[in-house]
Amino acid sequence: MEPSLARYIWRHTWRQQLWILFVVALSMIPYFMSFDLPKQIVNGPIQGAGFEQPGATQPFLAIDIPLPLIGNVHIFDGFQLSRTQHLIGLSLVFLLLVIVNGLFKLYINTYKGRLGERMLRRIRFELVDRVLRFPPAHFKRVKGAEIATMIKDEVEPLGGFIGDAFVTPAQLGGQAITALVFIIIQSFWLGMIAAFIVGIQLIIIPQMRKRLIRLGRERQLTARALSGRVGEIVDGIGAIHINDTSNYERGDIAERLGRIYKIRYDLYQWKFLVKFINNFLAQVTPFLFYLVGGLFALQGRLDIGQLVAVINAYKDLPSPLKDLIDWDQNRQDVQVKYAQVVEQFSMSALIDEKVQTLTIEPVPALTGALAAVNLSLTDDSGARLVERVSVQINPGESVAIVGAAGSGAEAFAESFGKLLWPESGRVAAGGIDIHELPESVIGRRFAYASSEAYLFQGTLRDNLLYGLKHAPLTSVTYEGAAAAQRRWSVDEAQMAGNPDYDTRSDWIDYLAAGATGPDDLYHAIRPVLDAVALSQEILDLALRTRIEDGVHPNVTSRIVEVREALRRRLADEGLDDLVASFEPGEYNPQATVGENLLFGAATGPAMSGKELARDDYFLSILKADGLDEALYTMGLEIASNAIELFADLPPDHPFFQQLAFMTAEDIPQYQQLLQRLRGKSFDAVSSEDRASIVKLSFAYIEPRHRFGLLTPDLMQKIVHARHQFYESLPERLRGAIERYDPQRYTTAATLMDNVLFGRISASQPDGPERIRSIVRDLLDALGLHDEVLDIGLDFNVGVGGRRLTGGQRQKLDVARALLKRADYIILNRPLSALDQRSQDAVTRNVLEEIHRDDRNPAVIWVLPNPHLADLFERVIVFHAGELAEDGTHETLTAGNGIFTRLLQ
Amino acid sequence: MLLNDEVGMLRKVPLFARVAPAKLKLLAFTSDRVSYREGQTLFHQGDEGDAAYVVLSGTADIIVDSAAGQIKVAEVEPNEIVGEIAILCDVSRTATVTATSALEVLKIRKDHFLRLLTEFPEMTVEIVKVLADRLSHTTAELTAARSKARQANS
């Protein structure tokens, strides 16, 4: 990047800068005229010069242009106006000039602002563009948060400065010189006084400000380091908790903040000192004007009008001057910032722009062999990882790479994925070095997955299809306002040197995945997800979600069918007792008392726990049946049972997980409450205490808690109360609860709850797992599998995919690599987070999926251990950075080399 | 069956015989009551051990997979505990347990069980006794099997 800011700005904006300079020069004319006018008003109509005779008139708006050599050129006589008319006329001209000056200012500022913002956009884009082209090794040394700070915060002031870079010195300098010249014309000596003070200001202040710039630079560096550390704390929060180093981090942050504080405080002290001196110098001048100018006026060498005009003109001198000094400081400051940012983003090994050119048309399959020629790889410290390896992998070959940790097998695979650049030698595809091949070839014809799977924040679907988004493939047609908006953004992007790729276009390369469009994409996705054993997990995610009304009408409208199918299936398999269904007229023993009362899904807190136990309408329903007292007695029983069981346990005891109706903190409170309530009749208990006790009964499930508190009579009453509750449900509660309806989808409940429409029996072994597998099976049989999978793919994976488990992330990464159907599929110990059994199963499935439909890409798989090597046509063994053995599984097992030793 | 009945059952298990009733009630409450049908499997050999089971009613077979096929090594009866080895020493299940009649068990989760052992040493002593007893049985059987094998070879 251009190291000098001024040249960078000039190169990209010289046309605009020249235009704005011209406008500024033009604006000087009315500006100067507005200086002369007060003198004319005071001397003319107010003091009466030229109006000595009553009824005298003077020409108004007469235009004479004094030209050197030729003399006065008379253009216009003007209107003859009386003294009052003249005053009004001149005042109106003054008003007009105020407006014209204001409009000029408005135009200039807007234009500058736009210029600056465009340049800011350009710089930021250029920086991110460079990040995209950094060599991979560079990312081992830089902190993401620091780069983000540089791009976001540190170049920000540049935007403000760019518009001012050339205009401000011209404009302010022009203004200051105009004012100064005007003063000199009025009175030579007063002008000299002003010029002298200005000279002092212009020399001293920038000198003093040098220190400010140095402090500013320190502030920038410390602040950048701070954001880097904060980023580290966020990323490494697990390590911090595990090692009890939160206070070490606190200490480090406090220390850094202290340093930043000191720098900032120094800055303030110095800044205000400079300000004081500057202000003082500016105020000294009027003092001299009053004194010297006053003496001149007394001596008659200066008329009052001139003195007023000088003082008036001087009013306009300090502020442009101060702004000019500010501008200069800003310039130095920004230049330093720019230089520092540019330094961080400049390196010789940047990936060539041509390598990343946008390629819309499909890239033909690679037919040449992939070869490493004399390849040596080193790590960041310079240690050899792979030593002069030459090997050729032909199209369609399936190769297992085997080696102990540190044998160089992983580094070798990384070099094929362009993640590790060769120290010497090269990797070539079809005879061309892969570092010279465009990324459009590598990124589409190569697939790479390793244990370090990175997912972007977004849905599972976004991440799965990420490997297909190479270029905007469809052109979107816009109409009306949207078309204008699109035109605007294309124009603006071009003016700021940004690309105008349309993010609303469909970037997904369906053809590459073997589909024709979004409609049959699932046919391509599903076998891939099945191969990595992710479909089940995604279906389970879907079953745990709540579906908004109308988003997946196929699923919600067929829910009754699914429920019936589930009932039939359970009956067929003799598993009726696995799920206790919700029946409007029956008590469900596997559900809580609360659920049985409400028989609906609460949409907010108003219909659960203590809130519910306090609700007037709900209480009135309970009272009608005498249920309030029954539930109160039940709650008392539960409380005393819970206290008997748990009172002696420390609050962190794992048994508390089992206690559904209260937490460890509640135990002492309930102990006190029970003592207070002992012997009191139900009617004597306050409503608040009643609610605390009754609330306990809501969470009770007889088969699980087994206190023996539910009688058939009580259950019947509860079912009765349920009907009463919905009979006259007041308006305010209608939105808070959604009643269970066997014939309808309940939006407030999860998809699984909707399918079950009941509760899984607590006394059945592995109930949830069995139900899940039955439901998955059922969805497939009903043809709803893809639709539900679609719901699961909407799951947001969180920052870096952290809402998924490590194993799920790795599986997703492998699925992403498989989906694009590359010619060379490189899998670098991609499933390390899985246990051995699942790894084996997924490896077999993935190999099968890769070769499905007679596809025959080359597979290069770095295996965690050698016992799966027999699945591959060829086995390459790495040992201590060298290629130790290479051959078929049979020849290697027949020999007595490293491979046979690894197998043992 | 209610919590109090379960406590009565637990007291008959030698392992828990000397544990205070209040603690047994807690154990019963924090455990899950699970019912199996005939032929259903509690756990498979090789699974990760996450719980021990106290049989309340019914019977089950303990079956070991070996090179020679499945061998039934023992039968479980009411008031006995199974599956405790895998959770005591973090190995995978050493045998498969299958119900041979309708089976009611109390499933005690691993973390709960270990917690109980540290809190009630008397239970730990009982466990040691039971294990030592089994070990001596196993040793005796092994000796018998070896001498038989030697006779067969010679």
Side-chain angles (χ1 to χ4, degrees), chain A residues 570 573-580 589-590 637-662 664 667 699-711 760-770 834-838 840-841, chain B residues 1-10 20-44 46-48 50-51 53 55-58 60 83 92 97-99 102-120:
Chain A
L570 289 177
E573 296 189 13
L575 295 171
D576 295 308
D577 42 5
L578 197 54
V579 177
Q590 300 293 348
E637 201 63 37
I638 292 171
S640 59
N641 264 306
I643 286 165
E644 182 200 335
L645 287 169
F646 287 87
D648 297 339
L649 295 184
D652 58 345
H653 202 286
F655 286 5
F656 276 106
Q657 291 165 5
Q658 204 73 5
L659 192 62
F661 19 76
M662 50 176 101
I667 295 271
Y700 183 74
I701 304 171
E702 178 85 4
R704 169 164 309 165
H705 301 119
R706 316 191 287 278
F707 294 153
L709 301 176
L710 271 182
T711 58
I760 299 173
S761 161
S763 67
Q764 291 293 315
D766 307 323
E769 290 81 16
R770 280 157 71 194
L834 304 185
D835 61 62
Q836 194 56 52
R837 217 161 50 175
S838 328
D840 292 358
Chain B
M1 205 184 299
L2 297 177
L3 214 49
N4 291 328
D5 307 326
E6 284 164 15
V7 174
M9 299 287 285
L10 281 178
K23 296 300 160 203
L24 281 186
K25 192 169 176 185
L26 185 62
L27 178 65
F29 180 74
T30 53
S31 308
D32 296 325
R33 262 288 281 286
V34 186
S35 18
Y36 292 88
R37 295 152 190 249
E38 186 183 336
Q40 260 188 316
T41 302
L42 277 73
F43 49 78
H44 288 278
D47 284 354
E48 200 186 333
D50 59 347
Y53 299 82
V55 178
L56 299 175
S57 67
S92 39
V97 176
T98 308
L103 186 71
E104 282 276 311
V105 299
L106 209 52
K107 182 178 174 184
I108 307 174
R109 266 182 266 160
K110 180 178 174 176
D111 48 341
H112 292 177
F113 190 75
L114 294 179
R115 189 76 190 215
L116 276 175
L117 288 189
T118 54
E119 271 161 37
F120 306 112

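If you're wondering where the values come from, they're calculated on a predicted model, not measured in any experiment. Within every chain, numbering begins at 1; the chains are lettered A, B, ... in the order of the sequence lines, protein sequences first and strands thereafter.
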Show, in sequence, the C-alpha distance, side-chain angles and deciding distance for Lys25(B) and Asn641(A), and conclude whether the side chain to side chain contact (heavy atoms under 4.5 Å, CB included) test is met. CA-CA 10 Å; Lys25(B) 192 169 176 185; Asn641(A) 264 306; 3.3 Å; yes

Using heavy-atom distances under 4.5 Å, tell me whether Leu24(B) contacts chain A through its side chain, its backbone, both, or neither. neither

Could you grab the distance from atom CZ of Arg704(A) to atom CG of Asp32(B), nearest 0.5 Å is fine? 7.0 Å

For the backbone of Glu6(B) and the side chain of Arg706(A), can you confirm whether one donor and one acceptor N or O come within less than 3.5 Å of each other? no

